[in-house]
There are 2 protein chains.
Amino acid sequence: MSNRIRSGTAVLKTSAAIFAALGDETRLGLVTKLTGGEPQSIAHLTAGTKLTRQGVTKHLRVLEEVGVVRSLKVGRESRFALEAKALDDARGYLDHVSQQWDDALARLKAFVEQE
Amino acid sequence: MSNRIRSGTAVLKTSAAIFAALGDETRLGLVTKLTGGEPQSIAHLTAGTKLTRQGVTKHLRVLEEVGVVRSLKVGRESRFALEAKALDDARGYLDHVSQQWDDALARLKAFVEQE
DNA sequence: GTCATAGGCAACCTCCTGGTTGCCTGTGTT
DNA sequence: AACACAGGCAACCAGGAGGTTGCCTATGAC
């Protein structure tokens with residue numbers, strides 16, 4: 001049932017994990033850098049930051065674990081690229097919440113105006 | 001320039017803060033509970049969780065600080081409600097990233113197929 | 001007035017996270 | 001072969017996050 005209904009708490013857990021991964025300025029910066037299209041090496045991604053290569057590596061692993069990013073080895077370097085699905089999941093969650101919220105507000109408004 | 005262009009790093013910082021706030025299962029659960037529409041008291045929000053009232057309060061403060069939630073005092077209780085704007089901001093960021101990413105992929109595809 | 005309820009404040013504790021450094025391995029390059 | 005470059009692994013450290021407990025205040029109910 002990987003793509004089926006999944007219990008609400010499971011959605012919550014995976015969504016939270018993705019948000020947590022995105023909830024760090026450095027990591028969000030990496031994600032932004034990766035929107036360029038081409039997969040980039042760790043050394044390349046490190047350039048421009050104030051961090052060590054190891055520091056950046058750790059962040060990349062975090063992003064990879066929740067599926068926001070994918071790594072592929074090319075020769076001696078490992079390049080990272082965005083993975084749209086996880087981002088879509090996160091967006092999906094926000095869409096869902098916003099939708100529920102809007103509906104609720106609409107209902108409240110209707111109720112108030114009904115008199 | 002609160003609603004104007006804002007430098008990229010500022011967007012990064014505030015987005016990261018919102019994601020970080022959402023990046024906790026308990027907090028995401030609270031957000032979900034609040035999509036119902038009516039503002040809810042702390043005691044009410046605590047019921048059903050395994051946490052202390054104080055624990056929940058802390059989480060609510062976190063959500064409030066990044067603007068995901070708003071609190072209003074009613075008598076002796078303080079009720080919390082969702083605030084759509086912050087969620088929209090987060091969604092906006094994801095939309096932007098996805099868009100950039102899709103565009104980049106399209107360009108790559110065009111480039112490869114051009115031969 | 002008295003009591004119960006809703007919440008704020010502060011101290012405290014534990015564990016995770018972000019970050020570093022040092023060293024080892026693997027892959028190119030010349 | 002010798003060297004340089006890209007990265008992995010592990011230990012280590014400081015600070016922040018999640019969570020609890022204890023106590024105090026304010027508001028509502030009787």
Side-chain angles (χ1 to χ4, degrees), chain A residues 9 12-34 38-81 86, chain B residues 9 12-34 36 38-81 86 90:
Chain A
T9 77
L12 221 65
K13 197 170 296 186
T14 64
S15 301
I18 296 176
F19 285 134
L22 296 178
D24 176 283
E25 211 179 328
T26 306
R27 284 197 292 266
L28 212 50
L30 289 173
V31 167
T32 305
K33 260 192 201 170
L34 287 177
E38 281 125 47
Q40 301 184 38
S41 74
I42 296 181
H44 189 205
L45 287 168
T46 303
T49 73
K50 292 170 185 165
L51 298 194
T52 315
R53 178 174 51 81
Q54 289 308 324
V56 173
T57 300
K58 275 197 179 183
H59 283 300
L60 287 170
R61 299 270 171 253
V62 172
L63 289 171
E64 191 178 17
E65 257 161 31
V66 300
V68 169
V69 119
R70 234 182 59 233
S71 79
L72 54 133
K73 303 210 66 170
V74 177
R76 65 179 159 184
E77 54 187 21
S78 60
R79 305 210 183 129
F80 287 79
Chain B
T9 76
L12 221 66
K13 198 170 295 186
T14 62
S15 301
I18 297 176
F19 286 133
L22 297 178
D24 177 282
E25 213 179 327
T26 307
R27 284 197 293 266
L28 212 51
L30 289 172
V31 168
T32 306
K33 259 190 204 171
L34 286 176
E38 281 126 46
Q40 300 184 37
S41 75
I42 297 182
H44 190 204
L45 287 168
T46 302
T49 73
K50 292 169 186 166
L51 299 193
T52 314
R53 177 176 50 82
Q54 290 306 325
V56 173
T57 300
K58 277 198 178 183
H59 283 300
L60 288 171
R61 299 268 171 254
V62 172
L63 290 171
E64 191 178 18
E65 258 162 30
V66 300
V68 169
V69 120
R70 235 182 60 233
S71 78
L72 54 133
K73 303 211 65 169
V74 177
R76 65 179 158 181
E77 55 187 21
S78 60
R79 304 206 184 133
F80 287 78

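All chains are named by letter (A, B, ...) in the order of the sequence lines, taking the proteins before the strands, and each is independently numbered beginning at 1. The analysis underlying the following values was restricted to heavy atoms, covering all of them including side chains, and did not include hydrogens, waters or symmetry mates.
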On DNA chain D, compare the nucleotides closest to B:Thr52 and B:Gly75; which residue's is nearer the 5' end?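 Comparing both residues, the 5'-ward one is B:Thr52.
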5' priority, DNA chain D, between A:Glu77 and A:Lys58 [closest heavy atom]: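 First, find each residue's nearest nucleotide; the 5'-ward one identifies A:Glu77.
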For [X] and [N], what is the distance between atoms [atom1] and [atom2] respectively, to the nearest whole Å?
| X | N | atom1 | atom2 | value |
| --- | --- | --- | --- | --- |
| A:Leu51 | C:dT20 | CG | P | 5 Å |
| A:Leu45 | D:dC5 | CG | P | 19 Å |
| A:Ile42 | D:dC5 | CD1 | C1' | 13 Å |
| B:Lys73 | D:dT25 | NZ | P | 15 Å |
| B:Phe19 | C:dT17 | CZ | P | 19 Å |
| B:Gln54 | D:dC24 | CD | P | 15 Å |
| B:His59 | D:dT20 | NE2 | P | 8 Å |
| A:Gln40 | D:dA6 | CD | P | 14 Å |

When you check the gap from the basic side-chain N to the acidic O, do B:Glu77 and B:Arg79 get nearer than 4.0 Å?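 Answer for the salt bridge query: yes.
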Taking A:Leu60 as the fixed residue, which of A:Leu30, A:Thr46, A:Val68 is the one that meets the side-chain contact (heavy atoms from CB on, under 4.5 Å) rule?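 That would be A:Leu30.
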With sugar-phosphate meaning primed atoms plus P, OP1 and OP2, does [X] contact a base, only sugar-phosphate, or nothing at under 4.0 Å between heavy atoms?
| X | value |
| --- | --- |
| B:Lys50 | sugar-phosphate |
| B:Arg61 | sugar-phosphate |
| A:Arg79 | nothing |

Please determine whether a side-chain nitrogen or oxygen atom of A:Arg53 lies at a distance below 4.0 Å from atom OP1 or OP2 of C:dT21.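 So the side-chain polar atoms of A:Arg53 never come under 4.0 Å of the phosphate oxygens OP1 or OP2 of C:dT21.
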Does D:dA6 have OP1 or OP2 under 4.0 Å away from a side-chain N or O of A:Ser78?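 Looking at the OP1 and OP2 atoms of D:dA6, neither is under 4.0 Å from any side-chain N or O of A:Ser78.
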Donor-acceptor under 3.5 Å (B:Arg27 side chain, B:His59 main chain):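 Side chain of B:Arg27 to backbone of B:His59, a donor-acceptor pair under 3.5 Å: no, none is there.
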Report yes or no: does B:Thr52 contribute a side-chain atom to a donor-acceptor pair with the main-chain N or O of B:Gln54 at less than 3.5 Å?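 Answer holds: no.
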When rounded to the nearest 0.5 angstrom, what is the spacing between OG1 in B:Thr14 and CZ in B:Phe19?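 Going from OG1 on B:Thr14 over to CZ on B:Phe19, the span is 9.5 Å.
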Determine whether any donor atom in the side chain of A:Arg76 lies under 3.5 Å from an acceptor atom in the base of D:dG7, or the reverse, and answer yes or no.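 Counting by modelled atom types and ignoring angles, no donor-acceptor contact under 3.5 Å is found here.
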Need to verify one output field. Residue with the more 5' nearest nucleotide on DNA chain C, B:His44 or A:Thr26?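 Between the two, 5'-proximity favours B:His44.
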